[in-house]
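Everything below concerns the one structure shown next.
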2 protein chains.
Amino acid sequence: MAKPSKENTPITEHLAYLLAQANREINRQLELRLSKEGVPVEQWRILKVLSDGNGHSMGELADAVLLNHPTLTKMIDRMVSDTLVYRVQDPNDRRKVLMFISDRGKVLSRKLNSLAVDQEEHILESYGDKSTSELKRLLESLIDSSN
Amino acid sequence: MAKPSKENTPITEHLAYLLAQANREINRQLELRLSKEGVPVEQWRILKVLSDGNGHSMGELADAVLLNHPTLTKMIDRMVSDTLVYRVQDPNDRRKVLMFISDRGKVLSRKLNSLAVDQEEHILESYGDKSTSELKRLLESLIDSSN
DNA sequence: TTGAAAATATTGAATATTCAACAATTGAAG
DNA sequence: CTTCAATTGTTGAATATTCAATATTTTCAA
């Protein structure tokens with residue numbers, strides 16, 4: 001019996017493709033909601049991370065919000081112009097810049113969170129509680145196993 | 001007892017974020033392998049879809065490979081220059097353009113598939129057979145429920 | 001049959017992202 | 001101490017993506 005070859009697997013069966021497709025779709029939906037406040041998904045992430053009130057360096061932020069450094073720098077430039085966040089030089093390591101959320105940023109962050117929560121709840125409804133938490137668990141473990 | 005508020009959920013617990021993170025990581029790994037042939041992930045997808053030998057319209061292709069139309073048009077322009085694919089006007093509907101894979105494209109496609117299969121096997125090893133198929137199942141069903 | 005609306009693909013301008021080079025600071029070896 | 005390598009963040013040029021406008025063809029209603 002011939003050993004089953006994976007060479008002709010349709011693209012829709014590749015994990016990489018399924019992840020890209022699911023991510024694209026969920027992201028599109030989230031984008032749609034956040035557009036009510038005229039804010040891209042990445043800015044929601046940035047505000048969410050910073051809303052712990054602590055200072056976060058650019059490198060740390062870039063990791064957390066899944067952007068590479070130059071892209072983050074330029075996005076932060078815009079957010080500083082919009083007075084949503086501000087930069088402070090790290091006194092302990094003057095190479096670093098610490099980012100903080102402003103009061104205006106906090107107000108916006110609350111609105112965005114509520115839009116994001118809306119979406120999560122919408123997913124829970126149409127996709128189910130069980131599937132959602134199981135999917136989250138598997139994704140976390142995939143991410144873990146990739147490091 | 002206070003009703004649990006989701007407003008302060010850390011970003012790492014949002015499905016949208018987990019999907020983005022997992023997708024980024026898996027995509028990065030795939031990119032790394034395909035870079036051996038100097039080809040971006042999207043071109044692998046295009047070649048894979050076209051390797052059924054049939055003609056596919058630009059719209060159909062754009063859906064299948066998760067690119068929007070103008071981006072696809074420009075990527076196809078490059079691939080035509082590299083003689084990996086070619087355009088034919090659809091005789092039944094002259095608004096449409098049918099894309100076909102060339103012989104050179106087929107040769108490249110085989111190499112790319114083997115690199116992609118390598119990755120899937122690597123994932124199976126580190127992440128496990130069971131988890132992988134379960135994750136795929138859940139992703140498919142999430143995508144379904146989003147349409 | 002005609003004319004307006006829809007579908008399909010491309011183009012060019014505006015934006016955004018990425019890559020490589022740079023500047024500043026820190027760490028660490030000699 | 002001094003010097004050289006590593007770390008951190010930004011910049012500018014090169015690329016890539018997106019949005020809006022366009023051209024072409026088809027569909028379909030009047």
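Throughout, protein chains are lettered first and strands after them, A, B, ... in sequence-line order, and every chain is numbered starting at 1.
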Go through the structure and list residues passing side chain to side chain donor-acceptor pair (under 3.5 Å) with [X], not counting sequence neighbours.
X	answer
B:Asn68	B:Thr71
B:Glu31	none
A:Ser145	none
B:Asp77	B:Arg87

To check you understand the geometry: which heavy-atom pair defines the closest contact between B:Ser57 and B:Leu98, and what is its length?
N-CD2, 3.8 Å
Please confirm whether the backbone N or O of [Y] pairs with a side-chain atom of [X], one donor and one acceptor, at under 3.5 Å?
X	Y	answer
A:Lys96	A:Met58	no
B:Arg33	B:Leu112	no
B:Ser109	B:Gly105	no

Worked verdict on A:Glu134 versus A:Arg137 for salt bridge (charged side-chain N to carboxylate O under 4.0 Å, His left out):
CA-CA 5 Å; A:Glu134 182 64 1; A:Arg137 197 184 62 73; 3.0 Å; yes
Using five pairs at either end of the helix from C:dT1-D:dA30 to C:dG30-D:dC1, determine the angle between the two local helix axes and round it to 10 degrees.
20°
Whole angstrom value for the distance that separates [atom2] of [N] from [atom1] of [X]:
X	N	atom1	atom2	result
B:Met99	C:dA9	CE	C1'	12 Å
B:His69	C:dT10	NE2	P	10 Å
B:Lys96	D:dT27	NZ	C1'	13 Å
A:Asp90	C:dT26	CG	C1'	12 Å
A:Asn92	D:dG9	CG	C1'	17 Å

Who pairs with A:Glu25 by salt bridge (charged side-chain N to carboxylate O under 4.0 Å, His left out), at least two apart in sequence or on another chain?
A:Arg28
From the candidates D:dT8, D:dT10, C:dT8, the one with an atom nearest any side-chain atom of A:Arg87 is D:dT10
Pairs touching [range] that satisfy ring pair (Phe, Tyr, Trp, His ring centres under 6.0 Å), sequence neighbours left out:
range	answer
residues 126-147 of chain B	none
residues 39-75 of chain B	A:His14-B:Trp44
residues 76-112 of chain B	B:Tyr86-B:Phe100

Heavy atoms under 4.0 Å is the rule here; annotate nucleotides 15-25 of chain D 5' to 3' with B where the base is hit, S where only the sugar-phosphate is, and - elsewhere.
-SSBB----BB
Ordered by number, residues from residues 27-41 of chain B within less than 4.0 Å of DNA chain C (heavy atoms) are none
Near DNA chain C, under 4.0 Å by heavy atom, which residues of residues 56-63 of chain B?
B:Ser57, B:Met58, B:Gly59
